[in-house]
Amino acid sequence: MLDIQQLRSDLDSVVSQLKKRGFEFNPAAFTTLEQERKIAQTNTEALQAKRNAASKSIGIAKAKGEDVSAIMVEVAGLGEQLKAGEAQLTEIQEQLKNLMLNVPNLPHDSVPQGKDEAANVEVRKVGTPRSFDFAVKDHTDVGAPLGLDFETGIKLSGARFTFMRGGIAKLHRALAQFMLDTQTEQHGYTECYTPYLVNAETLLGTGQLPKFEADLFGMMHSEAKMYLIPTSEVTLTNTVRDKIVPLEALPIKLTAHTPCFRSEAGSYGKDTKGMIRQHQFDKVEMVQIVHPDKSYEALEDMVCHAENILQALELPYRMVSLCTGDMGFGAAKTYDLEVWLPAQNTYREISSVSNCEAFQARRLQARFRSAQGKTEFVHTLNGSGLAVGRTLVAVLENYQNVDGSVTIPKVLQPYMGGLAALKLS
RNA sequence: GGAGAGCUGGCCGAGUGGUCGAAGGCACUUCCCUGCUAAGGAAGCAUACGGGCUUAAAUCUGUAUCGAGGGUUCGAAUCCCUCGCUCUCCGCCA
């Protein structure tokens, strides 16, 4: 959520910044609503003040044993007026809130401008793609004989679900373990275990609701709707909801390995084959809650924390700065890491690291107490470190051998009981 | 799933219709006293959203908030209804 004060005082600038990311904000509608709000609020509060004063004097008079009928007459019609005024004010505030909840974050000045991913800017490229002296297979063909079973996934659940068995399943687990260990032991994150099912309020805080309900899996549970988390950014970031954290508690660095569930509405036809785009996938997530002065520093750190995983796995990748039109709803700035997939002969997203500045914090009412004793919104950042399923894809493709086996990256071997390769049985 | 108890400010905890945004305590901040890693005294100390003034801040002022929502009333932390959550016991399970 944007700062409504900023909209009041600097509307034109906000509108033009939003335009950069392709969002049309109607300033006239906002201004009208704001004027109505101001009138309604001033009137209502004046009536309330009148009522409160009268009630107080009734109390005083009664305590003294005086007659209160004169004051009672004066207050007689107030109730109805007040009720109408309050209802109107609530209605307007509801509208304003709805409007605000559906406006995306402002892009940071350093974000390249553009309307889609074509305008993203490569920041750096690390590692050299391996050259193959045989025809490379994609991960589905490499994985199938080793236990990557799409048919069973489809039978059990439908398209975009995968079943794994044997060495592949273990490799998948090894990847997650390795990532989690690296984030906790090397980068100072606190390991967390979080719910996978959350309520609507939680998703409102991080920005998935109300606008993106179609991308979520939801179900009814005793009258209330609950949702499967699309990422543990949701649960980790919401740990500070409605909190005023002490200054010295910052930065808070959290990580978790969880499944993620996305209905990916609107992505039909994209990546239909294989496990690039799944309804359920695992991810090790990093979240940082930081002082506003430190958030851009933290963003760079977090990208490195994700890159370190790719480097340890010796997977070639590149880092891109997303342009204004390609960034997510809550992000002020986002870096994506894209891993090299030889079968696709291209780089594909494997991590996304975003600074949301105070956008989520405002929705979450997540604050800290500054050195001056004032409460201020924290800045929140999140990033994948990394998407486990896609990392498995990258390992299968980049480490495949001509005989159909897959070499296990060195850092994963301890997690695989010392196994050096997955071989056909 | 059944029965009971509870939900008040950063924390603990009073408060069953009227000068209650809320006693008291702890913690915290400032000051005084004291000369030693302590004690005593004074004051301050919730959050959000408006409005006035202002370059801005401070300040002033209004409103709302005692789990949430609704109701009764001139007036609700206090009474009524609905819901949520927490705890204890029982049942069931991993």
Side-chain angles (χ1 to χ4, degrees), chain A residues 1-11 30-101 193 195-205 219-227 235 238-250 252 289 358 360-378:
Chain A
M1 193 154 59
L2 299 181
D3 181 3
I4 196 156
Q5 310 287 4
Q6 194 184 352
L7 275 118
R8 287 177 187 142
S9 63
D10 205 10
L11 186 56
F30 174 78
T31 307
T32 308
L33 208 50
E34 255 297 284
Q35 281 166 351
E36 286 174 16
R37 189 224 93 229
K38 196 164 175 172
I39 293 165
Q41 184 165 350
T42 313
N43 287 345
T44 305
E45 289 187 354
L47 283 174
Q48 285 170 328
K50 193 170 166 191
R51 189 234 10 229
N52 290 347
S55 294
K56 200 173 231 178
S57 49
I58 290 173
I60 294 167
K62 275 202 166 178
K64 290 182 189 158
E66 293 168 2
D67 177 47
V68 295
S69 53
I71 317 174
M72 296 290 262
V73 169
E74 198 181 312
V75 197
L78 253 174
E80 289 306 307
Q81 264 188 78
L82 239 179
K83 204 169 257 183
E86 281 172 348
Q88 191 202 6
L89 180 61
T90 306
E91 161 69 18
I92 293 170
Q93 280 174 333
E94 202 61 34
Q95 283 181 42
L96 259 176
K97 191 177 173 192
N98 265 325
L99 184 79
M100 294 299 289
L101 283 175
Y193 173 84
Y196 304 152
L197 220 40
V198 296
N199 56 37
E201 197 184 348
T202 299
L203 288 155
L204 195 82
M219 70 202 74
M220 293 310 291
H221 172 253
S222 64
E223 311 279 305
K225 192 158 188 187
M226 296 202 77
Y227 300 85
T235 45
N238 268 277
T239 55
V240 291
R241 186 171 85 212
D242 294 324
K243 275 198 174 184
I244 301 174
V245 302
L247 181 62
E248 58 274 15
L250 301 177
I252 298 170
I289 315 294
Q360 291 179 324
R362 265 182 225 108
R363 293 171 164 246
L364 293 162
Q365 286 295 306
R367 292 162 295 176
F368 70 99
R369 202 170 289 281
S370 73
Q372 293 76 39
K374 296 193 73 173
T375 54
E376 256 185 79
F377 290 115
V378 295

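Throughout, a chain's letter reflects where its sequence line sits, starting with A, and its residues are numbered from 1.
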| remark: Paired to B:rU47 by Watson-Crick or G-U wobble criteria (both distances under 3.5 Å) is B:rA64

| said: I'd like the C1' distance from B:rU34 over to B:rA27, given in whole Å. | reply: 23 Å

| said: What is the separation between atom CG on A:Asn52 and atom P on B:rU73, rounded to the nearest whole Å? | reply: 17 Å

| task | Considering non-hydrogen atoms only, spot the tightest contact between A:Met1 and A:Arg362 and give its length. | result | O-NH1, 2.6 Å

| Inter-nucleotide P distance (B:rC81, B:rG6), Å rounded | 15 Å

| query | When you measure from the side chain of A:Arg51, which nucleotide among B:rC74, B:rG62, B:rG51 comes out closest? | reply | B:rC74

| message | Under 4.0 Å, heavy atoms only, any strand: does A:Gln5 hit a base, just the sugar-phosphate, or nothing? | response | sugar-phosphate

| Minimum-distance pair of heavy atoms, taken over all atoms of A:Phe377 and A:Ala358 | CB-CB, 4.0 Å

| task | From the options B:rC74, B:rU63, B:rG51, select the nucleotide whose nearest atom is closest to the side chain of A:Ser55. | result | B:rC74

| With respect to the side chain of A:Arg367, which nucleotide from B:rC74, B:rU47, B:rG51 is positioned closest? | B:rU47

| note | Looking only at heavy atoms, the pair that brings A:Met100 and A:Leu7 closest together is CE-CD1, 3.5 Å

| Is there a Watson-Crick or G-U wobble partner for B:rG17 with both distances under 3.5 Å, and which nucleotide is it? | none

| Would you say the side-chain atoms of A:Ser55 and A:Asn52 include a donor-acceptor pair closer than 3.5 Å? | no

| Pairwise P distance for B:rA14 and B:rG91, with rounding to whole Å | 33 Å

| query | If only side-chain N and O atoms of A:Asn43 are considered, is one of them under 4.0 Å from the OP1 or OP2 phosphate oxygen of B:rU63? | reply | no

| field | Pairwise C1' distance, B:rG51 and B:rG67 [rounded to whole Å] | value | 31 Å

| request: Could you tell me whether the side chains of A:Glu36 and A:Gln95 share a donor-acceptor contact shorter than 3.5 Å? | output: no

| Out of B:rU19, B:rG18, B:rU47, whichever nucleotide has its closest atom nearest the side chain of A:Ile60 | B:rU19

| request: Send over the distance from A:Met1 CE to B:rC49 C1', rounded to a whole Å. | output: 12 Å

| message | Is it the case that B:rG18 (base atoms only) and A:Lys62 (side chain only) share a donor and an acceptor within less than 3.5 Å, ignoring hydrogens and angles? | response | yes

| note | For A:Asp242 and A:Glu201, the nearest pair of non-hydrogen atoms, with its separation, is OD2-OE2, 4.5 Å

| note | Re B:rC31: Watson-Crick or G-U wobble partner, both distances kept under 3.5 Å, found to be B:rG41

| Once you round it to whole Å, what is the distance between P of B:rC28 and CD1 of A:Ile244? | 18 Å

| request: Starting at atom CG of A:Asp3, determine the distance to atom C1' of B:rC49, rounded to an integer number of angstrom. | output: 13 Å

| task | Once you apply the 3.5 Å cut-off to both distances, tell me the Watson-Crick or G-U wobble partner of B:rC7, or none. | result | B:rG84

| query | Can you tell me the Watson-Crick or wobble partner of B:rC53, both distances under 3.5 angstrom? | reply | none

| query | Considering heavy-atom distances to RNA chain B, does A:Met72 or A:Ile4 have its closest nucleotide positioned more toward the 5' end? | reply | A:Ile4

| Which nucleotide in B:rU19, B:rA64, B:rC49 has an atom nearest any side-chain atom of A:Lys56 | B:rU19

| For A:Thr44 and A:Gly85, which heavy atoms make the closest approach, and how far apart are they? | OG1-O, 3.5 Å

| message | Tell me which nucleotide, if any, is Watson-Crick or G-U wobble paired with B:rA23 when both distances must be under 3.5 Å. | response | none

| Length of the line joining A:Glu34:CD and B:rC49:P, which is rounded to integer Å | 13 Å

| task | Go through B:rG51, B:rA64, B:rC74 for me and flag the one nearest to the A:Ile58 side chain. | result | B:rC74

| field | B:rC92 - base-pair partner by Watson-Crick or wobble geometry, distances under 3.5 Å | value | none

| field | Separation of B:rA64 C1' from A:Leu47 CG (nearest whole Å) | value | 15 Å

| Rounded interatomic separation in angstrom, taking CG from A:Leu96 and P from B:rC49 | 13 Å

| task | Would you mind telling me which residue lines up with the more 5' stretch of RNA chain B, A:Glu86 or A:Arg37, judged by nearest nucleotide? | result | A:Arg37

| Protein-nucleotide distance (A:Leu89, atom CG; B:rA48, atom P), rounded to Å | 19 Å

| field | Separation of the C1' atoms in B:rU16 and B:rU78, to the nearest angstrom | value | 5 Å

| query | Where the side chain of A:Ala49 is defined as all heavy atoms beyond and including C-beta, which of B:rG62, B:rC74, B:rG51 is the nearest nucleotide? | reply | B:rG62

| What nucleotide, of B:rG51, B:rC74, B:rU72, holds the atom closest to the side chain of A:Lys83? | B:rU72

| field | Gap in Å between the two P atoms, one belonging to B:rG41 and one to B:rA46, rounded | value | 23 Å

| message | Please report the distance separating the C1' of B:rC85 from the corresponding atom of B:rC74, rounded so that it comes out in whole Å. | response | 34 Å

| Who pairs with B:rU72 - Watson-Crick or G-U, where each distance is under 3.5 Å | none

| task | Grab the two heavy atoms, one from A:Val378 and one from A:Arg367, that are nearest each other, plus how far apart they are. | result | CG1-C, 3.9 Å

| field | Rounded distance in Å between the P positions of B:rU72 and B:rU59 | value | 39 Å

